Visitor: 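Questions regarding the structure given below will be posed in turn.
Note that this is a predicted model, so its numbers are computed, not measured. All values below come from the heavy atoms of this structure, side chains included, with hydrogens, waters and symmetry mates left out. Order of the sequence lines sets the chain letters (A, B, ...), proteins ahead of strands, with each chain counted from 1.
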Protein chains: 2
Amino acid sequence: MDIQLKRGLLEVCVLAAIADEDSYGYKIIKDMKPYIELSESTLYTILKRLETADMLSVRTAEHEGRLRKYYHITRAGRKRIEEFKSDWTEMLSIYRFVTKEDESHVKDNISCGP
Amino acid sequence: MDIQLKRGLLEVCVLAAIADEDSYGYKIIKDMKPYIELSESTLYTILKRLETADMLSVRTAEHEGRLRKYYHITRAGRKRIEEFKSDWTEMLSIYRFVTKEDESHVKDNISCGP
DNA sequence: TGCCATACCTCGCGTTACGATGTATTACGC
DNA sequence: GCGTAATACATCGTAACGCGAGGTATGGCA
């Protein structure tokens with residue numbers, strides 16, 4: 001998949017990976033892998049960025065002698081996901097522009113969005 | 001709209017803007033405006049990039065005393081658009097991951113893609 | 001004459017993904 | 001016991017990219 005296309009998705013995917021329950025770096029990568037792959041260096045950069053933006057909070061806990069940093073999504077983080085959903089509508093419109101799909105009959109379709 | 005999300009779309013949108021008929025910088029911006037906005041500096045960077053990648057060819061022509069550079073999409077350019085369409089399938093899968101949409105019933109939907 | 005629209009272009013900056021690299025512990029095969 | 005893989009974290013430098021700021025030039029209109 002095109003790297004540039006990934007850029008807008010990575011951040012929100014990380015948030016989605018911790019939305020249901022708190023998670024930690026290594027697990028986030030594994031959970032995301034079937035959908036979108038990212039390197040560890042990228043993830044930790046993103047996690048730090050999201051923490052600075054108050055979209056997640058961090059809690060360090062010990063698990064079988066090894067320390068783990070659990071990430072918890074905040075209200076701002078959930079808001080970010082909602083914003084992504086709005087952006088998706090725009091994305092669809094752009095997709096149609098690129099594929100020259102006729103927009104007039106689109107309303108007859110079951111939308112791909114919310 | 002999120003800047004990062006735009007990144008993967010800009011290039012392919014420019015190609016789409018010249019796919020039906022040859023066009024020039026100023027017109028491309030205007031045609032794209034209803035769907036996605038980009039500055040002149042961004043466009044000319046993209047046009048140069050696409051030219052280097054042989055996804056479009058350039059022809060200079062005079063129009064009412066003013067010179068215009070007309071851009072023409074190449075076979076590689078059209079291939080790029082096709083690749084974008086394939087990527088879209090992946091995008092949809094990622095979208096569902098983020099929105100926690102159940103994928104099991106998706107096949108019952110009329111897809112948003114090709 | 002001044003100003004806006006048209007039409008092109010360049011430079012520098014900030015953001016971002018990622019490979020390379022490093023540290024440390026547990027688990028498992030040989 | 002020892003090497004290797006998996007787990008788990010982190011940093012640094014690089015390259016790509018969008019964009020604001022700025023530049024050049026012509027045509028049309030008030």
Visitor: Roughly how far, to the nearest 0.5 Å, is the CG atom of A/Leu10 from the CD1 atom of A/Ile36?
Guide: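 Output value for this atom pair is 4.5 Å.
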Visitor: Rounded to the Å, how far apart are A/Leu5 CG and D/dA16 P?
Guide: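 A/Leu5 atom CG is separated from D/dA16 atom P by 19 Å.
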Visitor: With DNA chain C as reference, determine whether A/Gly8 or B/Lys27 sits nearer its 5' end, using the nearest nucleotide of each.
Guide: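 Upstream on the strand: B/Lys27.
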Visitor: Is the base of C/dC18 touched by the side chain of A/Glu40 through a donor-acceptor pair closer than 3.5 angstrom?
Guide: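 For A/Glu40, whose side chain was compared with the base of C/dC18, there is no donor-acceptor pair (under 3.5 Å).
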Visitor: B/Arg66 has a side chain; which of C/dC18, D/dT26, D/dA21 sits nearest to it?
Guide: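 Nearest to the side-chain atoms of B/Arg66, counting from C-beta on, is D/dT26.
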Visitor: Rounded to whole Å, how long is the line connecting atom CD1 of B/Ile46 with atom C1' of D/dC17?
Guide: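 Atom CD1 in B/Ile46 sits about 9 Å away from atom C1' in D/dC17.
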Visitor: Can A/Arg68 and A/Glu62 be counted as an ion pair, charged N to O under 4.0 angstrom?
Guide: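 The answer is no: the pair does not qualify as a salt bridge.
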Visitor: Of the nucleotides D/dC19, D/dA8, D/dA10, which one has an atom closest to the side chain of A/Arg68?
Guide: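 Closest of the options to the side chain of A/Arg68: D/dA8.
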Visitor: Evaluate salt bridge (Lys or Arg N to Asp or Glu O under 4.0 Å) for A/Lys6 paired with A/Asp2, printing each intermediate quantity in order.
Guide: CA-CA 7 Å; A/Lys6 273 177 71 174; A/Asp2 179 44; over 6 Å; no
Visitor: Looking at D/dG20, does its base get a donor-acceptor pair with the side chain of B/Ser39 below 3.5 Å?
Guide: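 It does not, because no donor-acceptor pair links the side chain of B/Ser39 to the base of D/dG20 below 3.5 Å.
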Visitor: Closer to the 5' end of DNA chain D via nearest nucleotide, is it B/Gly65 or B/Arg49?
Guide: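 Counting from the 5' end, the first nearest nucleotide belongs to B/Arg49.
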Visitor: Under 4.0 Å between a side-chain N or O of A/Lys48 and OP1 or OP2 of D/dT11?
Guide: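 Answer is yes, contact under 4.0 Å.
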Visitor: To the nearest Å, how far apart are A/Ile28 CD1 and D/dT7 C1'?
Guide: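 In whole Å, D/dT7 C1' lies 14 Å from A/Ile28 CD1.
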Visitor: What nucleotide among C/dT16, D/dG18, D/dC9 has an atom nearest to a side-chain atom of A/Glu11?
Guide: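 Selected nucleotide: C/dT16.
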Visitor: Would you indicate which nucleotide in D/dC17, C/dT6, C/dC18 comes nearest to any side-chain atom of A/Thr42?
Guide: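 Within the option list, the nearest is C/dC18.
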Visitor: Looking only at the side chain of A/Arg7 (C-beta and beyond, no hydrogens), which of the listed nucleotides D/dC9, D/dC19, C/dT15 gets closest?
Guide: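 Out of D/dC9, D/dC19, C/dT15, the nucleotide with an atom closest to A/Arg7's side chain is C/dT15.
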Visitor: Hey, which sits more toward the 5' end of DNA chain C by its nearest nucleotide, A/Glu37 or B/Tyr24?
Guide: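 In this pair, the answer is B/Tyr24.
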Visitor: Write down the distance between CG (A/Leu43) and P (C/dA20), rounded to a whole number of angstrom.
Guide: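 It works out to 18 Å between those atoms.
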Visitor: Send over the distance from A/Ile29 CD1 to D/dA10 P, rounded to a whole Å.
Guide: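 Those two atoms, CD1 and P, are 11 Å apart.
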Visitor: Would you call the rings of B/Tyr24 and B/Tyr70 parallel, tilted or perpendicular, where under 30° means parallel and over 60° means perpendicular?
Guide: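 Ring orientation, 0 to 90° scale: perpendicular.
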Visitor: Just the rounded figure in Å: distance from C1' of C/dT16 to CG of A/Leu9.
Guide: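 Atom CG in A/Leu9 sits about 14 Å away from atom C1' in C/dT16.
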Visitor: Which part of the nucleic acid, if any, lies within reach of B/Lys30 when heavy atoms closer than 4.0 Å are counted: base, sugar-phosphate only, or nothing?
Guide: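 Touches sugar-phosphate only.
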Visitor: Taking B/Ile94 as the fixed residue, which of A/Leu5, A/Leu9, A/Val12 is the one that meets the side chain to side chain contact (heavy atoms under 4.5 Å, CB included) rule?
Guide: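 When A/Leu5, A/Leu9, A/Val12 are each tested with B/Ile94, the side chain to side chain contact (heavy atoms under 4.5 Å, CB included) holds only for A/Leu9.
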Visitor: Can you tell me how far P of D/dC9 sits from CZ of A/Arg59, to the nearest Å?
Guide: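 It works out to 12 Å between those atoms.
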Visitor: Can you measure B/Gln4 atom CD to D/dG18 atom P for me and round it to whole angstrom units?
Guide: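 Distance, rounded to whole Å: 10 Å.
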Visitor: Taking the nucleotide of DNA chain D with the nearest heavy atom to each, does B/Leu38 or A/Leu67 sit closer to the 5' end?
Guide: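 Looking at DNA chain D, the more 5' nearest nucleotide goes with A/Leu67.
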Visitor: Name the closest nucleotide to the A/Tyr44 side chain, picking from C/dT15, C/dC18, D/dT11.
Guide: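 The nucleotide sitting nearest to the side chain is D/dT11.
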Visitor: Among the nucleotides D/dC9, C/dA7, D/dT11, which one has an atom lying closest to any side-chain atom of A/Tyr26?
Guide: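 Closest nucleotide among those given: D/dC9.
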Visitor: For the atom pair OG (A/Ser57) and NE2 (A/His72), what is the distance rounded to the nearest 0.5 Å?
Guide: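 Between A/Ser57 OG and A/His72 NE2, I get 5.0 Å after rounding to 0.5 Å.
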